[in-house]
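Because the structure is predicted, anything quoted here is derived from the model rather than measured. Ligands are counted one by one from 1 in listed order, and the atoms in each one are counted from 1 as well.
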Amino acid sequence: MNKEENELVVEKKERIPSKKILEILHSLYPDAHCELNFSTPFQLLIATILSAQTTDIKVNEVTRTLFAKYPTAHDYLTLSQEELEAEIRTIGLYKSKSKHILATCHILVEKYNGEVPKTREELEALPGVGRKTANVVLSNAFGIPAIAVDTHVFRVGNRLRLAKSDHVLETEEQLMKRIPKKLWSDAHHWLIWHGRRVCHARSPKCTNCELLPYCRFGKQEVKK
Ligand code: SF4
């Protein structure tokens with residue numbers, strides 16, 4: 001048997017207790033929710049565009065003022081790129097984010113009367129909106145089941161073997177197969193909350209983690 005065939009056999013034998021893992025995550029984070037502040041689908045879209053490579057805390061600091069001054073897509077049409085940059089300059093990548101936000105607002109006003117479209121295709125066609133952002137908006141603004149794979153979902157999902165992939169899209173597909181559809185949005189929050197609070201990228205708190213009995217990665221970590 002070659003190495004590849006052997007890995008396949010091992011993988012088939014590996015039973016992932018996904019039901020138990022999801023039950024524990026649910027019990028740990030029964031109130032898990034999106035930690036970006038927003039009042040409308042439009043504000044969630046803008047907050048999510050702003051959140052790339054920065055923290056939700058930082059985004060919330062900026063949007064507290066930004067959304068008070070400019071709550072709708074129409075309001076951004078009065079802004080130059082330099083003016084928007086000045087509003088969000090404490091956030092990383094503020095120049096490209098300003099450009100994308102203004103271009104997105106123009107499309108929203110011209111094509112959707114200022115509203116946010118509800119399909120993945122339409123969302124992903126907006127400047128600065130990729131699959132992850134589209135999934136965040138679909139699930140959190142419109143209640144459409146989706147799993148947005150950010151850095152936490154990717155890391156924790158793979159450590160728990162709910163997925164086994166080096167690629168974001170493949171991880172999302174595997175999570176969608178392993179997690180019941182009605183739990184996709186909740187599970188997405190559970191994995192993020194666990195990643196932020198316990199399963200850190202460096203030095204995960206495995207010895208204090210209730211998932212340790214079901215986590216091969218964690219068992220290897222505590223042996224080190
Ligand atoms: S046992 Fe460790 S690696 Fe596994 S989920 Fe918990 S913190 Fe993460």
Side-chain angles (χ1 to χ4, degrees), residues 3-4 6-37 47-48 51-60 92 130-140 143-224:
K3 185 171 175 277
E4 215 167 81
N6 192 35
E7 278 176 0
L8 268 177
V9 172
V10 171
E11 194 173 333
K12 275 184 186 163
K13 278 186 187 162
E14 190 181 2
R15 291 250 186 274
I16 306 300
S18 46
K19 191 162 178 270
K20 188 71 193 166
I21 289 170
L22 293 169
E23 280 171 9
I24 293 172
L25 284 169
H26 185 196
S27 70
L28 288 173
Y29 311 111
D31 302 319
H33 55 268
C34 178
E35 293 185 280
L36 290 170
N37 294 335
T48 311
S51 73
Q53 295 182 45
T54 191
T55 64
D56 288 0
I57 293 170
K58 199 106 191 135
V59 173
N60 290 337
R131 189 176 177 90
K132 188 195 80 175
T133 298
N135 281 343
V136 169
V137 173
L138 287 172
S139 62
N140 291 291
I144 297 168
I147 301 177
V149 178
D150 70 353
T151 182
H152 302 294
V153 174
F154 182 81
R155 182 180 69 256
V156 181
N158 276 290
R159 282 179 177 173
L160 286 167
R161 295 292 186 136
L162 294 172
K164 194 180 172 196
S165 173
D166 295 329
H167 304 285
V168 170
L169 182 55
E170 202 175 39
T171 294
E172 182 186 325
E173 288 165 354
Q174 292 175 2
L175 289 173
M176 288 194 297
K177 276 189 196 147
R178 198 151 256 157
I179 299 171
K181 192 171 182 177
K182 63 180 182 193
L183 294 181
W184 285 357
S185 297
D186 285 339
H188 153 250
H189 292 309
W190 298 337
L191 292 169
I192 290 178
W193 279 43
H194 197 59
R196 285 181 176 155
R197 289 155 180 79
V198 181
C199 191
H200 302 141
R202 287 187 202 149
S203 309
K205 300 176 186 168
C206 301
T207 48
N208 296 327
C209 179
E210 293 193 32
L211 291 161
L212 181 59
Y214 310 98
C215 181
R216 200 163 73 172
F217 181 95
K219 286 175 188 166
Q220 284 165 354
E221 279 293 297
V222 296
K223 272 191 210 158
K224 284 180 185 172

Could you identify the single nearest non-hydrogen protein atom to [atom] and state the distance to 0.1 Å?
{"atom": "atom 6 (Fe) of ligand 1", "answer": "C209 SG, 2.4 Å"}
{"atom": "atom 8 (Fe) of ligand 1", "answer": "C199 SG, 2.4 Å"}
{"atom": "atom 3 (S) of ligand 1", "answer": "F217 CD2, 3.4 Å"}
{"atom": "atom 4 (Fe) of ligand 1", "answer": "C215 SG, 2.3 Å"}

query = Should we say atom NZ of K219 is surrounded by more than 12 heavy atoms from elsewhere, each under 6.0 Å from it?
reply = yes
message = Counting only heavy atoms from other residues, nucleotides and ligands, does the tally under 6.0 Å from CD of E23 exceed 12?
response = yes
request  = Classify the side-chain pair H194/Y29 by whether it contains a donor and acceptor separated by less than 3.5 Å.
outcome  = yes
query = Out of S203, G218, G157, who gets a non-hydrogen atom closest to atom 1 (S) of ligand 1?
reply = G218
query = Contact between H194 and ligand 1, counting heavy atoms under 4.0 Å?
reply = yes
query = Backbone, side chain, both or neither: what part of C206 comes under 4.0 angstrom of ligand 1, heavy atoms only?
reply = both
ask   = What part of V156 sits under 4.0 Å from ligand 1 if we count only heavy atoms: the side chain, the backbone, both or neither?
value = neither
Any R216 side-chain heavy atom under 4.5 Å of R159 side chain = no
query = What atoms of ligand 1 come within less than 4.0 Å of a heavy atom belonging to L160?
reply = 5 (S)
query = Could R197 and W193 be counted as a cation-pi pair, given that NZ or CZ must be under 6.0 Å from the ring centre and within 45° of the axis?
reply = yes
note = In short, P204 meets A201 closest at the heavy-atom pair CD-O, 4.4 Å
request  = Would you mind telling me which of T171, N135, I147, L162 makes a side-chain contact (heavy atoms from CB on, under 4.5 Å) with V153?
outcome  = I147
